[in-house]
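In this text the structure is predicted, and so the values were computed from the model without any measurement. FYI, the numbering just counts along the sequence from 1. Atoms within each ligand, like the ligands themselves, are counted from 1 in listed order.
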Amino acid sequence: MALLPQRFAPEQCEAVAREVLAAHRGQPGALLPILHDIQDRLGAVPPELLPLIAEDLCLSRAEVHGVVSFYHDFRATPPGRQVLKLCQAEACQSMGVKALTAELESKLGLPLGETREDGSLSFEPVYCLGNCACAPSVMLNGELHGRVDAEEVLALLAEQGAQA
Ligand code: FES
């Protein structure tokens, strides 16, 4: 998978991490909120920041690395400008998401789980969006859409791309 460059310089990443760590100082169980805040601001949790986070929270680097790698939501590099998540769980499978996945992979020219090299789009699997009654479900740039087919997904992408 092509790795996109970080959107921020290393010094900016470190400054953001220090601000976030200071904002959560003394909070019990702060690791996950800290990682979420860093990702909200940088688009990712750059691996270079893990030693700083570990030191600040008096944790080992291995512990922090273990948490970051356990939760799939945390990214080492930022996603594409548009993020299309296609549900692969049971209800969506029963409504033909396997075929929809293959059709979208071919129409987008992008395999599921990959990001375009130009950074325009990430196409990602997700395992239930809580919208099972309206399967198959997608989430495009944080917005949920149900009972979609390939044409609708392409139209949504074009619409959102035009707004971007
Ligand atoms: S299985 Fe796809 S939304 Fe629940």
Side-chain angles (χ1 to χ4, degrees), residues 1-8 13 16-17 20 23-24 27-47 49-50 53 63-164:
M1 165 156 122
L3 286 185
L4 298 174
Q6 300 290 350
R7 289 181 189 141
F8 299 93
C13 293
V16 163
V20 170
H24 289 275
Q27 182 185 331
L31 179 56
L32 285 176
I34 286 168
L35 295 172
H36 278 294
D37 282 4
I38 290 175
Q39 182 154 295
D40 283 350
R41 293 182 54 180
L42 298 176
V45 181
L49 294 181
L50 301 191
I53 297 168
E63 282 171 297
V64 176
H65 174 77
V67 169
V68 172
S69 53
F70 179 80
Y71 291 104
H72 293 174
D73 261 5
F74 295 125
R75 308 166 169 279
T77 53
R81 290 185 290 284
Q82 297 209 78
V83 179
L84 174 65
K85 296 182 186 225
L86 178 57
C87 179
Q88 302 288 308
E90 285 78 0
C92 289
Q93 277 182 30
S94 75
M95 294 302 285
V97 83
K98 281 229 153 48
L100 177 59
T101 302
E103 195 178 350
L104 282 171
E105 284 180 326
S106 135
K107 290 192 166 150
L108 296 170
L110 184 64
L112 190 68
E114 301 267 327
T115 295
R116 280 199 185 125
E117 292 211 10
D118 67 0
S120 60
L121 178 68
S122 293
F123 184 30
E124 302 182 339
V126 66
Y127 295 89
C128 195
L129 290 162
N131 195 43
C132 314
C134 298
S137 303
V138 294
M139 186 167 270
L140 177 59
N141 306 325
E143 252 178 47
L144 183 62
H145 303 272
R147 296 205 178 97
V148 292
D149 59 20
E151 277 61 43
E152 278 174 71
V153 174
L154 294 176
L156 286 166
L157 274 167
E159 196 180 295
Q160 294 270 318
Q163 284 169 8

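Between atom 2 (Fe) of ligand 1 and C132 there is no N/O/S contact shorter than 2.8 Å. In summary, an N, O or S atom of C92 is located under 2.8 Å from atom 2 (Fe) of ligand 1.
The 12-atom threshold is not exceeded at CE of M95, counting heavy atoms of other residues, nucleotides or ligands nearer than 6.0 Å. Environment of CD in E152: crowded, with over 12 heavy atoms of neighbouring residues, nucleotides or ligands closer than 6.0 Å. In the displayed structure, H65 atom NE2 is contacted under 6.0 Å by at most 12 heavy atoms of other residues, nucleotides or ligands.
Remark: ligand 1 atoms within the under-4.0 Å shell around heavy atoms of C128 are 1 (S), 3 (S), 4 (Fe). Per-residue contacts place A91 under 4.0 angstrom from the following atoms of ligand 1 (heavy atoms of the residue considered): 1 (S).
Without hydrogens or angle criteria, S122 side chain to G80 main chain gives a donor-acceptor distance under 3.5 Å. Under the 3.5 Å distance criterion, the side-chain polar atoms of Q88 are left unmatched by any main-chain donor or acceptor of V97.
The shortest heavy-atom distance from S137 to ligand 1 is under 4.0 Å.
When side chains are defined from C-beta on, R81 does not count as touching R116, because their heavy atoms never get closer than 4.5 Å.
Only the side chain of C87 comes within 4.0 Å of ligand 1, judged by heavy-atom distances.
Nearest protein heavy-atom neighbour of atom 3 (S) of ligand 1: L129 N, 3.3 Å.
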